[in-house]
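This chain uses plain numbering: 1 for the first residue, then up along the sequence. Every value quoted in this text rests on a predicted model; they were computed, and no experiment measured them.
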Amino acid sequence: RHGNPAHHCVDQNHSVEDLEPGEERVVFGTEHNSTFLECTPRSPQASVTWLVQRDDHREEVKTDDRVIRTEQGLLFRRLHRQDEGVYVCRSREHGFTRTLARLALEVLRGDTLGELIAREEGGDWAGYRAPLLPSPCHAQRSSGGGRSWFKE
């Protein structure tokens, strides 16, 4: 309904089709927040397997209440520092296995994100408040006698 969550990040407007086979894409997540790793096979009959590689060890991703596998990818409901690693999404169909995505997940500490936002805003994180954006319903009207921009 609101689009692909990965496309909401300015530096991450890539799809799996934009990647060369074996190319790795970096995805940032914030500790204690949710993160989504996208991977959709081209065929609905294909089975998807997620592997995670840390150091020289690769294993299948274990799902539970916190890490959920969906048809569109892997959802971390609450990200931990230990979740960092390279996530490999593979599809298997008719005996053929294909790597669809290689995503290097980097987990930012929650307090690090606060410091970055405070630095951007030029203020103290403790007093940080997100700027309020004007509602489109209160958008500036044209000089047409104060008429609304919508049809009544």
Side-chain angles (χ1 to χ4, degrees), residues 1-139 150:
R1 176 177 168 177
H2 298 288
N4 178 346
H7 291 235
H8 291 276
C9 298
V10 175
D11 294 339
Q12 298 181 20
N13 284 334
H14 303 289
S15 66
V16 172
E17 288 79 21
D18 294 337
L19 298 175
E20 295 294 323
E23 185 178 351
E24 197 172 280
R25 188 176 81 193
V26 178
V27 177
F28 294 94
T30 307
E31 189 177 25
H32 309 299
N33 285 312
S34 61
T35 298
F36 184 74
L37 302 180
E38 182 184 13
C39 178
T40 307
R42 293 182 180 170
S43 168
Q45 290 81 27
S47 63
V48 173
T49 304
W50 281 94
L51 303 170
V52 61
Q53 182 173 344
R54 296 183 187 96
D55 301 319
D56 290 332
H57 180 69
R58 183 183 282 189
E59 64 183 0
E60 190 166 345
V61 174
K62 294 171 181 62
T63 57
D64 53 24
D65 291 344
R66 191 180 64 82
V67 181
I68 301 168
R69 197 168 84 190
T70 70
E71 289 181 16
Q72 294 81 27
L74 200 59
L75 174 65
F76 292 83
R77 293 179 62 195
R78 186 172 173 91
L79 200 58
H80 294 160
R81 297 277 301 156
Q82 298 87 344
D83 293 323
E84 275 192 345
V86 176
Y87 287 79
V88 179
C89 173
R90 290 187 173 166
S91 70
R92 182 173 177 83
E93 185 177 17
H94 303 299
F96 294 99
T97 302
R98 179 172 177 235
T99 298
L100 299 177
R102 291 179 54 81
L103 307 168
L105 178 61
E106 295 188 21
V107 180
L108 300 174
R109 291 182 20 210
D111 54 349
T112 302
L113 180 64
E115 291 169 8
L116 291 173
I117 292 173
R119 202 174 309 146
E120 259 317 291
E121 295 295 318
D124 180 32
W125 171 246
Y128 174 76
R129 289 194 177 160
L132 295 175
L133 299 175
S135 167
C137 295
H138 301 309
F150 56 88

Short question: side chain of Arg81, backbone of Glu31 - any donor-acceptor pair under 3.5 Å? no

Just wondering, are more than 12 heavy atoms of other shown residues or ligands nearer than 6.0 Å to CD in Glu59? yes

What heavy-atom pair brings Arg90 and Thr99 nearest, and what distance separates the two atoms? NE-OG1, 3.6 Å

Just how far is it from atom CZ of Arg54 to atom CD of Gln82, taken to the nearest 0.5 Å? 8.5 Å

How far does CG of Leu37 sit from CZ of Arg102, to the nearest 0.5 angstrom? 13.0 Å

When rounded to the nearest 0.5 angstrom, what is the spacing between CD in Glu38 and CZ in Arg25? 7.0 Å

Kindly check if the number of other-residue, nucleotide or ligand heavy atoms within 6.0 Å of CG (Asp65) is above 12? no

Could you grab the distance from atom CG of Leu79 to atom CZ of Phe28, nearest 0.5 Å is fine? 12.5 Å

Side chains of Glu60 and Leu51: does their closest heavy-atom pair fall under 4.5 Å? yes

OG of Ser34 to CG of Leu75: how many Å apart, nearest 0.5 Å? 6.5 Å

Check whether any side-chain heavy atom of Cys39 lies under 4.5 Å from a side-chain heavy atom of Tyr87, and answer yes or no. no

By salt bridge (charged side-chain N to carboxylate O under 4.0 Å, His left out) - contacts of Arg66 (at least two apart): Asp83

Could you grab the distance from atom NE2 of His94 to atom OG of Ser43, nearest 0.5 Å is fine? 6.5 Å

Any donor and acceptor pair, going by atom type alone, linking the side chain of Arg69 with main-chain N or O of Val61 inside 3.5 Å? no

Ser91 versus Leu100, closest heavy-atom pair with distance: CB-CD1, 3.7 Å

Heavy atoms of Glu71 and Pro41 approach each other most closely as O-CD, 4.4 Å

In short, Lys62 meets Val67 closest at the heavy-atom pair O-CB, 4.1 Å

What closest approach, in Å, do Gly73 and Trp50 show between heavy atoms, and which atom pair accounts for it? CA-CZ2, 4.0 Å

